[in-house]
Novice: 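Just passing along the structure, written as structure tokens.
Sequence lines set the chain letters: A, B, ... in the order given, protein chains first and strands last, and positions in each chain run from 1.
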Amino acid sequence: AEFRDAGDEEFWERVEEILISSDVGVNTTAKLVAELEQEALEKNITSSDQLRKLMIEHAARMLEGPVELDISRKPTVVLMVGVNGTGKTTTIGKLVNYLPGEVMLAAGDTFRAAAIEQLQTWGERTGAPVVARQRGADAAAVAHEAVEAAQQQNADVLLVDTAGRLHTKINLMAELEKVRRVIERRIPDAPHEVLMTVDATTGQNGLRQVKMFAESVGVTGIILTKLDGTAKGGIALAIANETGIPIKMISVGEKVGDLHPFDAREFAEALFG
Amino acid sequence: TLGERLNTALDGVRGSGNLTEDQVKKVTREIRLALLEADVNYGVVKEFVSNVRERATGAEVSKALSPGQQVVKIVDEELANLMGGTAHKLTFASRPPTVVMLAGLNGHGKTTTAGKLALFVRKLGKSPYLIACDTYRPAAIDQLQQIGRELNVPVYTEGTEPTPEDIAERGLKAARDGGYDFVIVDTAGRQVLDADMMEELKRVRGRIKPHSVMLVLDVVTGQNAVEVAQAFQEYADFDGMVLTKLDGDARGGAALSVVKVTGRPVRFASEGEKMSEFDYFYPDRMAGRILG
Ligand SMILES: Nc1nc2c(ncn2[C@@H]2O[C@H](COP(=O)(O)OP(=O)(O)OP(=O)(O)O)[C@@H](O)[C@H]2O)c(=O)[nH]1
Ligand SMILES: Nc1nc2c(ncn2[C@@H]2O[C@H](COP(=O)(O)OP(=O)(O)OP(=O)(O)O)[C@@H](O)[C@H]2O)c(=O)[nH]1
Ligand SMILES: [Mg+2]
Ligand SMILES: [Mg+2]
């Protein structure tokens with residue numbers, strides 16, 4: 001039976017428009033629509049209300065993944081990575097508040113103007129000690145010093161900030177790999193988490209960003225930021241669909257409390273809200 | 001590339017007669033996909049494709065170009081028309097100082113752009129002056145001051161206590177008194193759904209009546225670029241854009257969408273983190289990038 005008869009064409013166009021306008025992208029949209037059509041056919045579902053519920057179900061399923069941060073080691077080392085301006089430093093500040101135990105920070109962005117001062121401000125606000133050197137210092141050296149300090153001071157978690165960088169810059173990606181290696185050398189299975197911030201307003205390039213960063217330093221979780229804006233963050237679906245890297249947290253503002261564990265169902269519902 | 005995809009879609013068509021309706025359907029599908037993958041706004045794509053369809057339907061299949069090449073030529077022309085032909089060079093206020101206010105979403109590159117623009121105009125013989133109106137972000141003022149020191153451009157600041165509009169107004173007076181002729185006002189990043197922040201932007205603009213307001217937009221911005229731009233147009237009436245992080249590999253469909261919907265041009269391109277990586281934006285370079 002041809003499910004998509006003329007009367008339903010509008011419904012499917014609308015579904016496609018919602019998904020694409022939310023930055024889900026052409027490929028993942030096609031996959032979701034095909035899955036939905038298939039299931040609707042099998043279960044003989046025709047009401048657009050039921051179809052909408054089914055769509056949310058499929059989207060939620062695609063997004064579902066482990067959201068916990070593994071903070072079982074002492075110290076747990078978390079490396080924060082991502083493209084310029086996506087919210088790394090701010091997210092670190094919020095994580096101090098969010099995580100249990102003693103949290104320490106490493107000012108690993110030794111490049112950008114006032115990057116160290118920005119992190120130090122967050123350190124003061126949240127009471128987290130910050131390991132820092134002067135601007136222009138070697139990022140890997142700061143990371144090394146910070147891991148050492150975290151061990152010596154018995155910190156529970158060490159959050160390592162890094163400079164923003166474009167995945168197209170081979171030398172900068174190499175620098176990030178070096179930072180990771182230096183941490184690894186100090187603590188064999190560290191970094192225990194490599195969290196990547198992705199701006200919710202990012203279009204299809206977000207998928208490329210995640211793939212390149214994952215290839216370079218391995219990404220254990222995505223933090224979708226700036227969801228308090230107009231963007232729906234549909235790129236998260238494309239990321240989940242094509243990389244399988246879990247979305248672990250969402251950031252919904254600039255204040256310290258604006259960081260929450262990712263809820264796949266809530267996110268899917270908001271997408272079709 | 002789009003050309004390759006179109007040639008595949010039109011495989012077998014040779015130089016005789018016109019493009020059939022079925023062939024046009026095939027090519028418009030490819031064009032639509034290419035533009036959506038490039039982050040061009042859904043609504044803008046719809047309109048664009050229908051324009052191309054109109055031109056392509058019944059188009060005489062040329063003996064010189066393959067049908068695919070012909071359609072690419074139509075698409076290139078339509079894109080060029082949309083982006084606006086030539087670079088929009090800076091204009092200066094008839095009575096100095098020229099005041100430029102920068103606005104935009106969080107993290108898109110305003111503060112960095114402020115420095116770049118200062119360096120750019122100094123090379124044009126102006127004496128730039130920076131005003132730090134971001135009273136929210138930790139170390140934002142510090143950031144602009146470090147940039148100012150690096151470039152040897154003065155930075156006006158009153159810290160984070162006064163309102164941005166008061167700082168802007170007094171900073172402008174200080175610039176005038178100091179004989180500076182090009183003032184750049186850096187503002188805090190903000191989301192368009194934050195009514196208070198959008199109202200604040202309107203107030204800052206009202207207080208200093210800038211010669212130009214520029215929307216600083218990250219080239220990776222996706223489908224919501226239009227909604228964002230329209231809001232900034234309503235509250236800040238920007239007359240041009242700075243497209244940032246062009247040194248990445250984002251296709252940049254957001255730029256096309258915003259130009260089409262707001263009628264405002266992209267004036268500048270930021271192509272790196274260094275202060276020197278900044279120039280006028282040349283629209284014709286964008287078409288190829290968007291088509292991929
Ligand atoms: N509205 C909103 N703004 C955010 C959010 N997360 C971060 N920001 C803002 O985004 C801007 C950039 O944040 P940063 O933390 O400096 O980003 P970054 O990735 O460390 O930037 P670089 O180090 O320069 O690459 C700042 O204005 C933050 O306040 C969010 O969830 N919502
Ligand atoms: N690669 C690259 N990075 C850029 C470019 N422009 C700015 N950046 C980087 O993007 C990040 C954010 O830049 P900012 O100037 O702090 O952005 P902003 O809009 O002032 O941020 P908020 O004030 O927090 O809204 C920094 O890491 C900059 O170095 C560019 O053209 N290319
Ligand atoms: Mg940072
Ligand atoms: Mg700024």
Novice: Does A:S21 reach the main-chain N or O of B:Q223 with its side chain, forming a donor-acceptor pair under 3.5 Å?
Specialist: no

Novice: Evaluate the side-chain proximity of B:Q143 to A:Q118: yes if any heavy-atom separation is below 4.5 Å, no if none is.
Specialist: no

Novice: When only pairs under 4.5 Å are counted, which of A:R112, A:K169, A:K232 shares the most heavy-atom pairs with chain B?
Specialist: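 If we count pairs closer than 4.5 Å to chain B, A:R112 comes out on top.
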
Novice: Could you list the donor-acceptor pairs under 3.5 angstrom formed between side-chain atoms of residues 119-126 of chain A and any protein atom two or more places apart in sequence or on another chain?
Specialist:
residue, atom, partner, partner atom, Å
A:T121, OG1, A:E117, O, 2.8
A:T126, OG1, A:W122, O, 2.7

Novice: Is it the backbone or the side chain of B:Q145 that comes under 4.5 Å from a heavy atom of chain A, or both, or neither?
Specialist: neither

Novice: Below 4.5 Å, heavy-atom pairs only: which of A:T225, A:N84, A:T90, A:I116 has the largest tally toward chain B?
Specialist: A:N84

Novice: Taking CD in A:E177 as the centre, count heavy atoms belonging to other residues, nucleotides or ligands within less than 6.0 Å. Is the count above 12?
Specialist: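 Counting neighbours around CD of A:E177, more than 12 heavy atoms of other residues, nucleotides or ligands fall under 6.0 Å, so yes.
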
Novice: Write out, in numerical order, the residues from residues 28-36 of chain B with a heavy atom short of 4.5 Å from a heavy atom in chain A.
Specialist: B:R32, B:L33, B:L36

Novice: Please find the pair of heavy atoms, one from A:E13 and one from B:Y42, that lie closest to each other, and give the distance.
Specialist: O-OH, 4.0 Å

Novice: Please report the C-alpha distance between B:L193 and A:T230 in whole Å, then the side-chain angles of each, then the deciding distance to 0.1 Å, and finally whether the side chain to side chain contact (heavy atoms under 4.5 Å, CB included) criterion is met.
Specialist: CA-CA 7 Å; B:L193 291 182; A:T230 52; 3.7 Å; yes

Novice: Looking at B:I141, B:N41, B:N106, which makes the most heavy-atom pairs under 4.5 Å with chain A?
Specialist: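 Counting heavy-atom pairs under 4.5 Å, the top option is B:N106.
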
Novice: With side chains defined as the heavy atoms from C-beta onward, is the minimum distance between B:K245 and A:T168 less than 4.5 Å?
Specialist: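 The answer is no; the side chains never approach within 4.5 Å.
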
Novice: At their closest point, which heavy atom of B:A139 faces which heavy atom of A:A114, and how far apart are they?
Specialist: O-CB, 3.7 Å

Novice: Any heavy-atom pair between the side chains of A:K226 and B:L105 that's under 4.5 Å?
Specialist: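 Side chain of B:L105 against side chain of A:K226, heavy atoms only: no contact under 4.5 Å found.
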
Novice: Chain A heavy atoms under 4.5 Å from B:V220: which part of the residue, side chain, backbone, both or neither?
Specialist: both

Novice: Let me know if B:E37 has heavy atoms under 4.5 Å from chain A in its side chain, its backbone, both or neither.
Specialist: both

Novice: Quick one, B:H108 with A:T201, criterion side chain to side chain contact (heavy atoms under 4.5 Å, CB included). Give me CA distance, side-chain angles, the key distance, then yes/no.
Specialist: CA-CA 11 Å; B:H108 280 221; A:T201 68; 4.0 Å; yes

Novice: Which atoms of B:D247 come close to chain A, meaning under 4.5 Å heavy atom to heavy atom: side chain ones, backbone ones, both, or neither?
Specialist: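 For B:D247, heavy atoms of backbone and side chain both lie under 4.5 Å from chain A.
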
Novice: Taking A:N205's backbone N and O only, do any of them form a donor-acceptor pair with B:D249's side chain (distance below 3.5 Å, no angle check)?
Specialist: no

Novice: Given A:L166 and B:E273, is the side chain to side chain contact (heavy atoms under 4.5 Å, CB included) satisfied, shown in steps?
Specialist: CA-CA 10 Å; A:L166 294 182; B:E273 290 189 81; over 6 Å; no

Novice: So which part of B:R251 gets closer than 4.5 Å to some heavy atom of chain A, the side chain, the backbone, both or neither?
Specialist: neither

Novice: What closest approach, in Å, do A:A113 and B:I147 show between heavy atoms, and which atom pair accounts for it?
Specialist: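 Distance-wise, the nearest heavy atoms are CB-CG1, 4.2 Å.
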
Novice: Considering only heavy atoms, which portion of A:E254 lies under 4.5 Å from any heavy atom of chain B: side chain, backbone, both, or neither?
Specialist: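 Contact with chain B involves the side chain of A:E254 alone.
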
Novice: Take atom CG in A:N171; do more than 12 heavy atoms of anything else shown fall under 6.0 Å from it?
Specialist: yes

Novice: Other residues, nucleotides and ligands only: do more than 12 of their heavy atoms fall within 6.0 Å of CD on B:E277?
Specialist: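 Correct, the count exceeds 12.
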
